[in-house]
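One structure below.
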Amino acid sequence: MLGIIGSIMFIGAIILLFNSLEKYRFRIVFAVVIVYMFLPNLLIAAYQETLANGISAISYDGNGQCDFVTMDDSMDAECNLVLHNRSDEAVTVELEFIDSLFMEEEDMRMESLMNLAGSYTVTLAANSKKHIHLKELIDLSGVPAHIDSGTSYGINLKIKTGNNTRIL
């Protein structure tokens, strides 16, 4: 809902900007749109590299992948993802997998099945990227709604350390 309101406000602001200018209308509106597209990502990266610490300094490119293959009452699951610690100190986090919005609407479990194998604790060295490879054999007895097999891209994660939690 907030995304729709924000989009309407942005379009309204662009229209008002366009109407208020007499000279260089198209150039300035085009420049504002370009800056609006790139500035948030640049500000987030700048914040993480300069001011952030702990789990606030961890970034995830969203390109994770999990493969699932069902065998009788168990499932062979394998996930690969990359986390980047942008702070000057090592950070230890606990990973939790979150199902995509599409799977939650269907009441099917896919990525969250990885949580059945236990918690995953990962330590990221200072200013480093870490490729994380997880391979598990998951017991599916007692899990009512789950996928049979498949591959999932763009894995959603929740990271925790102490009382701090972030969804990536």
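All values reported here derive from a predicted model rather than from experimental measurement. The figures here come from the full heavy-atom set of this structure, side chains too, leaving out hydrogens, waters and symmetry mates.
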Dump the intermediate steps for side-chain contact (heavy atoms from CB on, under 4.5 Å) on I132 and V82, then the final yes or no. CA-CA 6 Å; I132 300 167; V82 177; over 6 Å; no

Derivation of the side chain to side chain donor-acceptor pair (under 3.5 Å) call for N85 and N127: CA-CA 5 Å; N85 180 6; N127 293 314; over 6 Å; no

May I have the step-by-step check of side chain to side chain donor-acceptor pair (under 3.5 Å) for E94 and T121, ending in yes or no? CA-CA 4 Å; E94 184 178 320; T121 303; 5.0 Å; no

If you apply the rule side chain to side chain donor-acceptor pair (under 3.5 Å), what do you find for N63 with Q65, and how did you get there? CA-CA 7 Å; N63 292 329; Q65 173 185 341; over 6 Å; no

Step-by-step side-chain contact (heavy atoms from CB on, under 4.5 Å) determination, M75 to E136: CA-CA 8 Å; M75 176 178 282; E136 299 290 343; over 6 Å; no

Show your working on side-chain contact (heavy atoms from CB on, under 4.5 Å) between T92 and V122 and close with a plain yes or no. CA-CA 6 Å; T92 300; V122 177; over 6 Å; no

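At least one side-chain heavy atom of L134 sits less than 4.5 Å from a side-chain heavy atom of Y120. Proximity of L95 to L83: side-chain heavy atoms (C-beta onward) are separated by under 4.5 Å at one or more points. Using a 4.5 Å cut-off on side-chain heavy atoms (C-beta onward), I159 and L168 make contact. A heavy-atom distance below 4.5 Å is found between the side chains of K135 and D76. Residues I167 and N156 are not in side-chain contact: their nearest non-hydrogen atoms beyond the backbone lie 4.5 Å or more apart. Residues C79 and M114 meet the side-chain proximity criterion, which asks for heavy atoms closer than 4.5 Å.
When the ring pair (Phe, Tyr, Trp, His ring centres under 6.0 Å) test is applied to Y36, the partners found at least two apart in sequence or on another chain are F10.
Summarising the geometry, atom CZ belonging to F68 is positioned 6.0 Å from atom CG belonging to L113; distances are rounded to the nearest 0.5 Å. Considering CG of D73 and CG of L140, their distance stands at 7.5 Å, rounded to 0.5 Å. Here NZ of K129 is found 12.5 Å from CG of L124. Values are rounded to the nearest 0.5 Å. F38 contributes atom CZ, which lies 13.5 Å from atom CG of L43 (distance to the nearest 0.5 angstrom).
In plain terms, the two heavy atoms of M71 and L137 that are nearest each other are CE-CD1, 3.6 Å. The nearest pair of heavy atoms linking A117 to I138 is CB-CG1, 4.4 Å.
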Name the atoms and distances for all side-chain donor-acceptor pairs under 3.5 Å in residues 14-21, with sequence neighbours left out.
from : atom 1 : to  : atom 2 : distance (Å)
N19  : ND2    : I15 : O      : 3.4
S20  : OG     : L16 : O      : 3.3
S20  : OG     : L17 : O      : 2.9

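When atom types are taken as modelled, the side chain of N115 and the backbone of F97 share a donor-acceptor pair closer than 3.5 angstrom. Judged by distance alone, the side chain of D99 and the main-chain N or O of E111 form a donor-acceptor pair under 3.5 Å. Looking only at distances, no side-chain donor or acceptor of Y24 sits under 3.5 Å from a matching main-chain atom of V29.
For the residue pair N53/S87, the side-chain donor-acceptor check at 3.5 Å is not satisfied. Residues D139 and S74 bring no donor and acceptor atom of their side chains to less than 3.5 Å of each other.
For the side-chain hydrogen bond (donor to acceptor under 3.5 Å, both in side chains) condition, the pairs that include at least one residue of residues 159-168, sequence neighbours left out, are E96-K160.
Under a hydrophobic clustering in which Ile, Leu, Val, Met, Phe, Trp and Tyr are joined whenever their side-chain heavy atoms come within less than 4.5 Å, directly or via other members, I28 and F30 fall into the same cluster. Hydrophobic clustering (side-chain heavy atoms under 4.5 Å, transitive across Ile, Leu, Val, Met, Phe, Trp, Tyr) keeps I11 apart from I8.
Around atom CE of M37, more than 12 heavy atoms belonging to other residues, nucleotides or ligands sit under 6.0 Å away.
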